[in-house]
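Read the structure below first, then the notes.
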Amino acid sequence: MTAGRWQLAHGRHLELGGKAVVVGILNVTPDSFSDGGLFDAPEPALAQARRMIGEGAAVIDVGGESTRPGAAAISACEEQARILPVIEALAQVGDVLISVDTYRADTARLAVKAGAHIVNDVWGLQREPDIARVAAETGAGLVIMHTGRDRGKLPDVIADQLAFLGKSLEIGRGQGVADDHVVLDPGFGFAKETAEENLDLMARFAELGALGFPLMAGTSRKRFIGTVTGRDAADRAAGTAATSVILRLKGAHLFRVHDVAINVDALAVADAMLARETGSER
């Protein structure tokens, strides 16, 4: 399991490897697939962030534009108006780490200026490559996510991951992003259209370790969990926690989730078992 220090903006860092890190999802949107409209104003958003921090989230990931299939696009100005007040307020809350979920370079720069430590790009630097330059110049941690949207995919699920993420890493390095600022995310549900494709990605997740970077898992409430369990999106916390445990045992380091408490507990058990297997203190 790749371990090490993830370097972040504002002189911060996060130790990865010894224990699973939970990232709480904070969608400041009216139309996200399972929580749209619940936290789309600063006051309820901040209250939800405090709740997730209390439940054990080490990072809060703030997003202002829904990434669900078919979601309406919004302007950069609207995205920024939604997220920047929340990020500024969160920056005053203790030692919490803040991530901004955006593919726009200008939004990323403003978010880091407002207090964000991490840039999380669901287009893997391939929609606005300048976002990598922003990360390099600000020292932000960078989550590079795989997506199959708007392109042809290779038939083998891991071959496609390696090809796409390899291109993304070239973009990042070309813009000056250091390797110790990078985490990779295989993008569960992003143009992985069937439950089988997502389950295949889970089954072969350990193969992504060949890339040599820490890995984030973002399965929370995804449709494939609903296909397996028969549950609606809001009732997929237990199914999500099961995937978190599986992926922790296969090498994931960070877990981006809506339901923090159940995943914190499930991952504590996984970490305890890993510690027993290796004979090390984790």
Can you measure from [atom1] ([X]) to [atom2] ([Y]) and round to the nearest 0.5 angstrom?
X: Leu247; Y: Leu254; atom1: CG; atom2: CG; value: 12.5 Å
X: Leu165; Y: Leu184; atom1: CG; atom2: CG; value: 5.5 Å
X: Arg223; Y: Phe188; atom1: CZ; atom2: CZ; value: 15.0 Å
X: Lys153; Y: Gln161; atom1: NZ; atom2: CD; value: 9.5 Å
X: Gln80; Y: Arg109; atom1: CD; atom2: CZ; value: 12.0 Å

So Arg51 and Glu55, salt bridge (charged side-chain N to carboxylate O under 4.0 Å, His left out) or not? Walk me through it.
-> CA-CA 6 Å; Arg51 185 178 303 112; Glu55 292 174 347; 5.7 Å; no
Test ring-ring contact (aromatic ring centres under 6.0 Å, His included) applied to His10 - qualifying residues, sequence neighbours left out | His117
Going by the side-chain contact (heavy atoms from CB on, under 4.5 Å) test, name the single residue among Asp121, Leu125, Thr147 that passes it with Tyr103.
-> Asp121
Reference residue Arg256; test side-chain contact (heavy atoms from CB on, under 4.5 Å); the match among Val59, Asp101, Val21, Val22 = Asp101
Between Glu65 and Thr102: side-chain donor-acceptor atoms closer than 3.5 Å = no
Whether the side chain of [X] engages the backbone of [Y] through a donor-acceptor N/O pair (distance < 3.5 Å, no angle test) should be reported.
X: Lys250; Y: Arg204; result: no
X: Thr138; Y: Val112; result: no
X: Glu197; Y: Lys192; result: no

pair [X]-[Y]: side-chain heavy atoms closer than 4.5 Å:
X: Asn263; Y: Val260; answer: no
X: Phe224; Y: Glu196; answer: no
X: Val119; Y: Ile131; answer: yes
X: Arg149; Y: Phe190; answer: yes

Is the number of heavy atoms from other residues, nucleotides or ligands under 6.0 Å of Arg127 CZ greater than 12?
-> yes
Report the C-alpha distance between Arg221 and Asp235 in whole Å, list the side-chain angles of each, state the deciding distance to 0.1 Å, and finish with yes or no for salt bridge (charged side-chain N to carboxylate O under 4.0 Å, His left out).
-> CA-CA 8 Å; Arg221 301 183 182 177; Asp235 297 322; over 6 Å; no
